[in-house]
Structures are given as structure tokens and as C-alpha cells.
Number of protein chains: 2
Amino acid sequence: MSEQLKLENQLCFRLYNINKAMTRLYAPLLKSLNLTYPQYLVMLVLWQNKQWEVELRQQEQALSVKALGKKLNLDSGTLSPLLKRMENLGFIVRKRNTDDERSVEVYLTKQGSVLKEKAQCIPASMFAKTGLTAEQLHNLTDTLDKLMANIQ
Amino acid sequence: MSEQLKLENQLCFRLYNINKAMTRLYAPLLKSLNLTYPQYLVMLVLWQNKQWEVELRQQEQALSVKALGKKLNLDSGTLSPLLKRMENLGFIVRKRNTDDERSVEVYLTKQGSVLKEKAQCIPASMFAKTGLTAEQLHNLTDTLDKLMANIQ
DNA sequence: TTTAATTTAATTGTGCGCTATTTAATTGCT
DNA sequence: AGCAATTAAATAGCGCACAATTAAATTAAA
């Protein structure tokens, strides 16, 4: 048996398994927010995208499906039904851009905005579960960024 | 905005994206074998499992769906339909264990066995695409194994 | 300005991955 | 032996992920 064809020697099998294990770790935390992991990623983008205007009025910067897909590496085949489900849950609304009717803009609702507070603890909770030190995390992040740059 | 909730600071988002990118890298290589990535993983297990008897007669060691699932971290909800597709493609056959009718054993067909030769080049090809040195690969593998041990 | 090319989403279809449930076979207990 | 508990697969249903196609709007070009 060629050594390279052995499952236990394969980087991809490790990444595949760790990715699944991570999603399983997220599940109980996200369940209380009524979100799946991909939906949580959408929320992270929208929370980050929030702009504050004067007089404490909350205003969202326009974020098209296209732009969202670019940030998350997902296409409309994945995002369209996912966003529709999130709209049904009341976390976002979708509006056609009046200047360019091809484009659909995604906005946080009040309810989606409020959800951010409940999510604050998630990153620290997940980090604790990894059992990594801050330095180990930093090194791994560095390596993965280099790998991603090579394969993309 | 809390730094930890930012997408670009999250380990899991990196793992999620790299896993998808890796699967996309595999796709053209596996297409010529008519396999998906999870199906390829099943083939890796079966190829590794092959036993040789005297007089050059090829014999497969029994591998149940249960045992396969344990190796791949997949349950019957995923494996049952996947194995059915692979049987339709002619790469495997499924047989109820006569000693324990609850168990289903998976066997390579001649066609599935032959496919191994065409797969020999895949690991080296994938490794080349990562752009990693052997040492970098080794270090990353080590780190991921430790991480996996922590989160499982 | 009419037509052609491009862009943006939505839709369709396939294949995981997982949860929960169901069915059937086996084991354990009394 | 008889019955409960356990085990192994299969099934049903939901939500991605992606390829391919379609539809509509915009831009570019002749």
C-alpha cells in the first residue's frame, strides 16, 4: 500500500474532520440563537458592517448578496435560500436596490441587531474549547493563511 | 465592534474556507475517477483494507458500515445513501453479514480495485498544490492532531 | 439607438452531513 | 423460553455547497 494513499497521512482528511468537529462544537452555542453556522457567518458580516449615524440612529451600510458572497466565498445558489430562511426568522430583510434592480441588499433588523449581544461570548467559549494557547492559535492562523493563499 | 466577533479573527472561518477550497482542488482530479471527495475517502479505507491470500486470489477483509463510519466519523444517515450510489457506480458491493443480519459488509469490486492505480498520483498532486514544504506539512499535521484531540 | 455582451440573483438538481425516527436482529436477563 | 434492552442500518427531513441554467437589468458597442 502506498503510504500517501493512507487516510492517516492526509492533510485534507484532518481538515475535513476538524471542520466537522468545529461545527458540532458550535451547534449547541448557536442553537440558543436559532442560527446555523453559515447563518452565524452572515450575521458576523452584518454586525461588522453596521454604521452609526449622528443622533444615535442606527443605519446599515448597503451590503449586496454579491458582496456578502465575496466575503464568505459563497454563491447565490447557497446564499439565496439561506438568506430567505434568515428573513423568515426575522433577523434580516432583503430589498432590491432601486438604483440597480439586479442587486439585492441585505439589512439587519432590530431583532438581528439585538442578537449580537447574545453572541458576544461565543468566540471566547470556542477558543476555550480548542485548548490552544494564544501563541499556538496565532501560529496556526499564520500557517493556515499561507496555505489558503497558496491554494486559492 | 468586539475584535473577537470579527470574521477575519476566527480560526473556524479559516478552517471552513480551507476545507471548501481543498474540496474544490480535489474535484477535477476525482472527476476522472467519477468519485466525490467523501466517496474517495471510502475508497481509501477499502484500498487499505485489502488482504491478499495465497494463490494470488484477492480477498477483502470484512468491513461493516459501522466500522467504516468509525474510521470516517460518519453515521449511517450519511453512509447508507452514499454507499448505495457507489454500488450503483460498480465500485463496491454490499452484503448482509450472514452471522449477524443487522450488519452490512462493504466489499470492493474488481472495478473498484482497479481504480486504485488511477488514484496513485492524487496525493502527490494535491501536496504540490498546497505549496508547503515537507516540514511545514509535518508541523501543520502535528498541530491539527493536537487540536483534534482537544475538541473531540 | 438598437443590439450584443455582461452582470446579478434566483432556480434546479445532486450530494453530502446531521438529527430523529423506524425496522429488524441480537443480546441479556429472569 | 420469554421479554426488555441494545445494536445496526435504513429512512425521512432539513440545510448547506456547488454546478449549471434561467431571467432580468445594465452597460458597451456598432
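Owing to the predicted nature of the structure, the values given are computational and were not obtained by experimental measurement. Convention: sequence-line order gives letters A, B, ...; per-chain numbering from 1.
- Expressed to the nearest 0.5 Å, how far CE of B/Met126 lies from SG of A/Cys12 amounts to 4.0 Å.
- Looking at residues 69-83 of chain B, you'll see B/Ser76, B/Gly77, B/Ser80 sit with a heavy atom under 4.0 Å from some atom of DNA chain D.
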Protein-nucleotides 25-27 of chain D N/O pairs under 3.5 Å:
residue: D/dT26; atom: OP1; partner: A/Glu101; partner atom: N; Å: 3.2

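- The base-pairing partner of D/dT22, taking Watson-Crick or G-U wobble contacts with both distances under 3.5 Å, is C/dA9.
- In terms of the salt bridge (charged side-chain N to carboxylate O under 4.0 Å, His left out) criterion, residue partners of A/Asp145 (sequence neighbours excluded) are, by chain and number, B/Arg14.
- Distances shown here put a side-chain N or O of B/Lys84 below 4.0 Å from the OP1 or OP2 atom of D/dT11.
- Remark: A/Thr36, A/Pro38, A/Gln39 in residues 9-40 of chain A come within less than 4.0 Å of DNA chain D through at least one heavy atom.
- Contacts of B/Tyr26 classified as ring-ring contact (aromatic ring centres under 6.0 Å, His included), with partners at least two apart in sequence or in another chain: B/Tyr37, B/Tyr40.
- A search for salt bridge (charged side-chain N to carboxylate O under 4.0 Å, His left out) contacts involving B/Arg94 returns B/Glu87, not counting sequence neighbours.
- For residues 21-40 of chain B, no residue pair satisfies the salt bridge (Lys or Arg N to Asp or Glu O under 4.0 Å) rule, not counting sequence neighbours.
- Legend: residues meeting salt bridge (charged side-chain N to carboxylate O under 4.0 Å, His left out) with B/Arg102, ordered by chain and number and at least two apart, are B/Asp100.
- With rounding to the nearest 0.5 Å, the separation of CG in B/Leu83 from CG in B/Asn88 is 11.0 Å.
- Residues satisfying the side chain to side chain donor-acceptor pair (under 3.5 Å) test with A/Gln136, not counting sequence neighbours, are A/Thr133.
- For residues 63-77 of chain B, no pair satisfies salt bridge (Lys or Arg N to Asp or Glu O under 4.0 Å), with sequence neighbours left out.
- By the rule that hydrophobic residues join a cluster once side-chain heavy atoms approach within less than 4.5 Å of another member, A/Val93 and A/Val114 end up as members of separate clusters.
- Under the side chain to side chain donor-acceptor pair (under 3.5 Å) criterion, B/Glu101 pairs with no residue, sequence neighbours left out.
- First and last contacting nucleotides of DNA chain C toward chain A (any atom under 4.0 angstrom from a heavy atom, 5' to 3' order): C/dT7 to C/dC18.
- Taking OG1 of A/Thr141 as the start and CD of B/Glu8 as the end, the distance is 12.0 Å to the nearest 0.5 Å.
- Whole-Å rounding puts the B/Lys95 NZ to D/dA9 C1' distance at 18 Å.
- A/Arg85 has its CZ atom 5 Å from the P atom of D/dG15, to the nearest Å.
- No donor-acceptor distance shorter than 3.5 angstrom exists from the side chain of B/Asn9 to the backbone of B/Gln4, with no hydrogens or angles considered.
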